[in-house]
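Heads up, the thing below is written out as structure tokens.
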Amino acid sequence: MRRSFVVILLVTAIVGVGPVRAGHEMPFYPSYYPQEITVEAMPATVAAARLEKNTVHAFVGSDPFAGRALPPTLAGVESLGSYIVVTLNAKTAVLATAEARCAAARAIIAGLNGAGWRPHPYPVTPYHPDHLAHVDLIDAAVKAQPRTPGARAMSPLRVRPVGALAERLLGGRSSTGVWDALVEEVSVRALVRAHTATLNGGSAPPWIRDGWFHAWLLHPTPSSQDLAHRLMGGGGEDTVERLNLERALVSRIRGGCERVVAGYTVRREVLNADYSAGVENVAGDSLTGLDATVFLRTVKLKDFPWNGWLTIGVPERPTAAWNPIAGFTDATGRLLWSGLSDGALFPQPYGGGFAENRVRLATTETQTGNLAVPVDAIVPEAGTGTLREVGPGKTARAKLTYRVLGSAYHDGSRMTATDALYGLAFAFRWGGGRGREEDAEIRRATALMREWLVGARVLRVETDVLRFGDVTMTYDVPIVEIYLAHTLPDASSLAVVSPPWTPLPWPVVALLEEAVTRGVGAFSAEAAKRRGVPWLDVVRDVKTRDRLLALLAELERQAFVPAALAGRVTPADARERWARLQQFAADHHHVLVTSGPYVLHAWSPSGAVLRVFRDFSYPLGVGSFDRYAVPLHGAVVRADVKADRIEIQAEAERVERFGREHRLVREPVGSPSVQKDRGAVAVCRYVIVGPDGAVVRAGATGATSSGLFVIGREGVPPGSTALLLIAVDGTEATAATRAVSLP
């Protein structure tokens, strides 16, 4: 029988920190709940049966009970699934003008019938964290859409469905050959993942979750390029200015009616919620569901306070190469990589910012003018990655100071500031290289970092000390400054542009660089095809793995130091790091060493097994992200508009737990029970739109001691509209909104 593992103070054997007295439990338990995670591909029919038999705990990627009610022992996690989009052919004479296209789109949308979707003629949905800023525009779009079916009036149009759902919505109506309009389903998860790279634990632009960005991805019109480039080039540093740019971008994209959003679908993924054999504490994401970094960081088995054997089903076998630079790009690979790797930050599951993971943002300083960059700050050289001083006369718009939470890598070596800096060096070498040292995928993934980064400087290495009774543990924390050429209103979004972080030890990166340089393979599928070499798979491709092991032995003998780190790593340090990597490869039969919470233990054509890395240098413990497991919502109950202010009464949810169950209770924000629950923080977010349709004010305010939210009206013209949302613990997506007229 499998038994839960209890942490006994055997820390001497684990981290060597002094004498230990047996029988005491550690209040800190490094890494996350399951001790072993099996990811296994299986058909939906098999997944459904195994979920009911309690041999699978979750099915990530699709719904094996689609169209059916779930059995009582199972539960669903919902997220935004896809857009339903109507594309009009502007090359046909009948749709040559914007007016004709818009009329045709309205008629086609009005004629869509059938279940499985939600009408919503606007690209920003309630599942987007920036939904609040578009509420008035969404209401206007809904009012403009006719309520009576209009498909018959457009019968001369040749409408072609793309996909099974579109066929159902059109009632079997379709055309072949030349088409006037397409009705199709576009996956939101695919939009997000196409712009999220494996690099550095998961690199993505700060606006990866925003509805305005998804509107641009759906239809990047030439007329809106200037606004998109401003938004993605650091424009709109003030919140109001940025919101106006975002609203203008979406309006301009919609104006031509070449591609129109009709609505969206909701994805359901299924969990085993059995009282004993199921899982709990499951955090999903409003846009990507269980295909999210946070999922493996909260999920726990009900029969185990920690540890346990978690089994996850996925619908497809892994097909992408397994390499930590530009691999793991399919759905199964992404799930595995979220366990093997750690990013500096990750998107808040139901919010608009980013949650701190392996870095902490200590301070942020921004300037409307120029901020001097210290001459001894360094910046990687494009094409080589060589770390050089920026020299005199360099300026920036933002300075961010990070605390970098290093730890031991899987091979036992300890992360240093040099490892973090090498992550930046790699981006500049391979993102800005030429010839063999050019990879279009890495170039795209690092473009924002390379454009915005002005300089980096390691200030010092601090020591954090944790004491548990007679046990003391110490952690080295590099303090690193990053200087950026642009700024953003949200500090956490700015922090994700170029954090001083990599989950990979520099020898692993250098080994793979040498392999690519010598033609063993290419980092990305695109580069592999262009160069006529394999897509680098460091685990499952036996031939590649053998060549990597031979190359590893060669580099260890040389005490090899990459050119970018010359003078920063001694030969002795290099030889020790190479030796540790070589020993890990001998023990585990692969070189996929990271600083992540899980180690790749076993693999097969249908999946893999991950084992927990319970090293006490790992800075995050079980429960670190439990606040995301149950998204809490709030709602405006009453808004009193006075001459000089708006007074808002609101309710907020809190969690009541009993045994293995919980329920959500909604109470007034000023009630004693909500005030007592200091774990949940409620704020009122507001966007005030003037009578001309432009945003005039925006921000967030906390509650008074009595639970009242107050927003001043100074500078707000009569006839404006206040858009309001109560965010509890950062939950903005899926939260209720309210529009209040200001006479």
Side-chain angles (χ1 to χ4, degrees), residues 1-5 32-79 81 164 189 266-285 288-320 322 328 330-340 540 598 600-612 629 660-661:
M1 178 182 296
R2 288 174 168 174
R3 294 175 295 178
S4 173
F5 175 76
Y32 304 114
Y33 290 103
Q35 70 192 45
E36 188 171 285
I37 301 173
T38 298
V39 177
E40 183 180 349
M42 61 188 69
T45 53
V46 174
R50 291 187 59 181
L51 282 163
E52 291 191 81
K53 292 178 180 177
N54 297 332
T55 60
V56 165
H57 297 103
F59 193 64
V60 176
S62 65
D63 183 359
F65 296 88
R68 294 183 285 160
L70 294 178
T73 59
L74 305 182
V77 173
E78 290 189 344
S79 56
R189 184 178 283 180
V266 175
R267 177 195 305 109
R268 184 179 71 176
E269 293 167 295
V270 181
L271 303 170
N272 182 343
D274 182 79
Y275 183 82
S276 178
V279 291
E280 60 184 349
N281 206 51
V282 178
D285 182 278
T288 59
L290 298 182
D291 184 16
T293 299
V294 72
F295 170 49
L296 295 183
R297 282 148 180 75
T298 63
V299 62
K300 67 181 294 292
L301 288 96
K302 287 187 176 182
D303 266 353
F304 293 82
W306 48 73
N307 282 331
W309 291 260
L310 179 71
T311 301
I312 301 173
V314 291
E316 297 177 357
R317 289 189 172 197
T319 56
W322 288 4
F328 292 106
D330 57 17
T332 305
R334 287 194 302 268
L335 182 61
L336 292 171
W337 186 240
S338 72
L340 293 169
R540 297 174 301 168
Y598 291 91
L600 180 62
H601 171 67
W603 56 93
S604 71
S606 62
V609 177
L610 310 180
R611 281 192 176 171
V612 75
R660 295 181 176 182
E661 308 297 333

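What you see is a predicted model; the values in this text were computed from it and never measured. Every heavy atom of this structure was used, including side-chain atoms; hydrogens, water molecules and symmetry mates were not. If you read the sequence from its start, that first residue is 1, and numbering goes on from there.
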What is the minimum heavy-atom distance between [X] and [Y], and which atoms define it?
{"X": "Arg267", "Y": "Ser79", "result": "NH1-OG, 2.6 Å"}
{"X": "Ala273", "Y": "Ala75", "result": "CB-CB, 4.0 Å"}
{"X": "Val279", "Y": "Val282", "result": "CG2-CG2, 4.1 Å"}
{"X": "Arg268", "Y": "Arg68", "result": "NH2-O, 3.0 Å"}
{"X": "Tyr598", "Y": "Pro34", "result": "OH-O, 2.8 Å"}
{"X": "Leu600", "Y": "Leu340", "result": "N-CD2, 3.3 Å"}

Give me the ring orientation class for Trp322 and Phe328: parallel if the planes are under 30° apart, tilted from 30 to 60°, perpendicular past 60°.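 Answer is parallel, since the angle falls under 30°.
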
Determine whether a donor-acceptor pair (N or O, by modelled atom type, separation under 3.5 Å) exists between the side chain of Thr332 and the backbone of Gly607.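 Judged by distance alone, no pair lies under 3.5 Å.
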
Any side-chain to backbone donor/acceptor pair from Thr298 onto Ala629? Under 3.5 Å, distance only.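 Here the side-chain-to-backbone pair does not exist.
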
Can you check side chain to side chain contact (heavy atoms under 4.5 Å, CB included) on Glu36 and Val609, steps first, answer last? CA-CA 7 Å; Glu36 188 171 285; Val609 177; 3.5 Å; yes

At what distance, to the nearest 0.5 angstrom, does [atom1] of [X] lie from [atom2] of [Y]?
{"X": "Lys302", "Y": "Asn272", "atom1": "NZ", "atom2": "CG", "value": "8.0 Å"}
{"X": "Phe59", "Y": "Met42", "atom1": "CZ", "atom2": "CE", "value": "7.0 Å"}
{"X": "Phe295", "Y": "Asp285", "atom1": "CZ", "atom2": "CG", "value": "12.5 Å"}
{"X": "Lys300", "Y": "Asn281", "atom1": "NZ", "atom2": "CG", "value": "7.0 Å"}
{"X": "Leu301", "Y": "Asp274", "atom1": "CG", "atom2": "CG", "value": "11.5 Å"}
{"X": "His57", "Y": "Leu51", "atom1": "NE2", "atom2": "CG", "value": "9.5 Å"}

Test item: [X] and [Y] side chains (from C-beta on) under 4.5 Å apart, heavy atoms:
{"X": "Glu280", "Y": "Tyr33", "answer": "no"}
{"X": "Leu296", "Y": "Ile312", "answer": "yes"}
{"X": "Leu290", "Y": "Leu271", "answer": "yes"}
{"X": "Leu610", "Y": "Leu336", "answer": "yes"}

Can you find a side-chain donor-acceptor pair between Asp303 and Ser276 that sits under 3.5 Å?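 Note: Asp303 and Ser276 side chains meet the donor-acceptor criterion.
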
Ion pair Glu269/Arg189, N-O distance below 4.0 Å: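 So Glu269 pairs with Arg189 through a salt bridge.
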
